[in-house]
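Here's the structure we're looking at; comments come further down.
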Amino acid sequence: MTQTSMARLEQARARESEQALWSRVTDLPPPPKLKLCPESFDIIAECKLHSPSAGDLSANTTGVEARVQAYAHGGACAVSVLTEPSRFGGSLDHLSQAAAILAPLHVPAMRKDFLVDPYQVMEARAAGAGGVLVIVRMLDRSRITELLDCAAMLKMFVLLEAFDAMDLQTAHEVLALRKAHDERILVGLNCRDLEKLTVELGRLAELIDQMPPGYAHVAESGVTSLDDVRTVVDIGYQVALVGTTLMHSQNPRKLLGEMLAAGRERTMAMRSRQIRLATGGDDE
């Protein structure tokens, strides 16, 4: 995917220089801020029309605008929008449409794509996004830092995505070199096997202790039910990214609300239990 992303990057640069794009995005007002529920649970809802593992996902989608509006009203803290065209049927137009709907609702849109250069972060901001996905294993440490720096200058959040222990070690090293902790950086663990395209939900538990501390931890892929939501909360994730399940739903607003409620109820129950144990109360 790196080569196709580079090809799209060069085509975009041919249409607009980096200097012109930077001038354009720095004149924009700040994007909606990512707001996570303190000490609780949140969901990033995803809008994608196709997926290599699930195929066509557009059957219950009357349009990008209606879908993302349902997500916002359902309580999503952000909406991930696929912009990769060849495998996911996405486009920057979808991102622009989503961001225009979400901005008055104070919910940021996140560009999900195979980003390889800060120019593409600027593209996302120009389309109205308030966040971007950065995939650790696609990039060396210096390029990851460049993307993080560009997002920070544009007041955008970043979902830094890992797939395995090696990715998490790279994320640790990159984040340790930053001058200050940035609450706009989330660290996600995607439990999909990239070769088999299967989901290995157990990886979320296996690697939770290797996640960089101090950052919101995001469970990606495989969260398909209320029980899955409760499981990721029990493991220690504060956020889940949910895509295919919501895209299959004819009532995504209702399903998203139910998932959020399940996660937050579980969080409260766990906190109450911790308080009882800390104060010597009966845990029976």
Side-chain angles (χ1 to χ4, degrees), residues 1-2 4-5 8 34 42-102 107-116 120-121 123-124 127-135 138 157-161 163 186 188-194 196-199 201 218-225 228-229 239-256 259-260:
M1 295 308 298
T2 302
T4 58
S5 186
R8 285 189 286 134
L34 177 69
D42 285 285
I43 290 177
I44 299 173
E46 187 159 275
C47 181
K48 55 184 176 181
L49 303 184
H50 191 273
S51 134
S53 60
D56 183 24
L57 296 170
S58 64
N60 294 311
T61 305
T62 56
V64 170
E65 296 95 335
R67 174 68 45 165
V68 302
Q69 188 172 53
Y71 288 165
H73 288 304
C77 66
V79 176
S80 169
V81 181
L82 269 292
T83 61
E84 196 284 324
S86 61
R87 299 179 68 192
F88 292 91
S91 73
L92 281 169
D93 285 343
H94 293 162
L95 182 61
S96 296
Q97 293 165 18
I101 292 294
L102 294 169
V107 175
M110 181 185 84
R111 181 183 188 182
K112 187 172 184 181
D113 205 326
F114 301 97
L115 306 187
V116 293
Q120 294 166 309
V121 177
E123 271 188 324
V132 290
L133 176 78
V134 173
I135 303 173
M138 287 187 62
F157 77 88
V158 174
L159 174 53
L160 191 61
E161 180 180 79
F163 283 87
L186 316 179
L189 181 63
N190 194 325
C191 60
R192 186 174 297 281
D193 185 300
L194 292 178
K196 303 175 185 176
L197 296 181
T198 55
V199 172
L201 202 58
V218 184
E220 301 180 55
S221 296
V223 179
T224 63
S225 67
D228 289 339
V229 168
V239 185
L241 189 150
V242 184
T244 301
T245 297
L246 289 173
M247 290 301 300
H248 279 313
S249 175
Q250 295 183 7
N251 192 342
R253 176 177 178 174
K254 179 175 181 290
L255 177 57
L256 179 55
M259 289 180 135
L260 269 176

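Quick note: residue numbers are just sequence positions, from 1. Quick caveat: nothing in here was measured; it's all calculated off a predicted structure. Values below: all heavy atoms of this structure, side chains included; hydrogens, waters and symmetry mates excluded.
- Note that CZ of R111 and CD of E123 are 5.0 Å apart. Values are rounded to the nearest 0.5 Å.
- When all heavy atoms of M259 and S225 are compared, the closest pair comes out as CE-N, 3.9 Å.
- Between T83 atom OG1 and K112 atom NZ the span is 11.0 Å, to the nearest 0.5 Å.
- A distance of 4.0 Å separates OG in S5 from CD in Q120, rounded to the nearest 0.5 Å.
- Each of V239, V242, V79 was compared with I44 under the side-chain contact (heavy atoms from CB on, under 4.5 Å) criterion, and only V239 meets it.
- The main-chain N or O of P252 is never found under 3.5 Å from a side-chain atom of Y71 such that the two would form a donor-acceptor pair.
- The main-chain N or O of S86 is found under 3.5 Å from a side-chain atom of E84 such that the two form a donor-acceptor pair.
- Considering CG of L95 and OG of S80, their distance stands at 9.5 Å, rounded to 0.5 Å.
- Nearest heavy atoms, A76 versus L260: N-CD1, 4.4 Å.
- Within the 4.5 Å cutoff, the side chain of R8 has heavy atoms near those of the D113 side chain.
- From H73, atom NE2 reaches atom CG of L256 across 12.0 Å, with rounding to the nearest 0.5 Å.
- Counting only heavy atoms from C-beta outward, the side chains of L159 and L241 approach each other to under 4.5 Å.
- Between A99 and A129, the shortest heavy-atom distance links the atoms CB-N, 4.3 Å.
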Kindly determine whether V218 and E161 satisfy side chain to side chain contact (heavy atoms under 4.5 Å, CB included), including the steps that lead there.
CA-CA 9 Å; V218 184; E161 180 180 79; over 6 Å; no

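- Minimum heavy-atom separation, L34 to C77: CD1-O, 3.6 Å.
- When side chains are defined from C-beta on, R253 does not count as touching Q69, because their heavy atoms never get closer than 4.5 Å.
- At least one side-chain heavy atom of V223 sits less than 4.5 Å from a side-chain heavy atom of V229.
- Using a distance-only test at 3.5 Å, with no hydrogens or angles considered, no donor-acceptor pair links the side chain of S249 to the main chain of T245.
- Across V68 and C47, no two heavy atoms sit closer than the pair CG1-CB, 4.2 Å.
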Before you tell me yes or no, could you show the steps for L246 and L255 under side chain to side chain contact (heavy atoms under 4.5 Å, CB included), namely the whole-Å CA-CA distance, both residues' side-chain angles and the distance that decides it to 0.1 Å?
CA-CA 7 Å; L246 289 173; L255 177 57; 3.9 Å; yes

Apply side chain to side chain contact (heavy atoms under 4.5 Å, CB included) to the pair E46 and L82, showing each step before the final yes or no.
CA-CA 8 Å; E46 187 159 275; L82 269 292; 3.6 Å; yes

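- Note: M110 CE to L102 CG = 12.5 Å, rounded to the nearest 0.5 Å.
- Across all their heavy atoms, A98 and V81 have their closest contact at CB-CG2, 3.7 Å.
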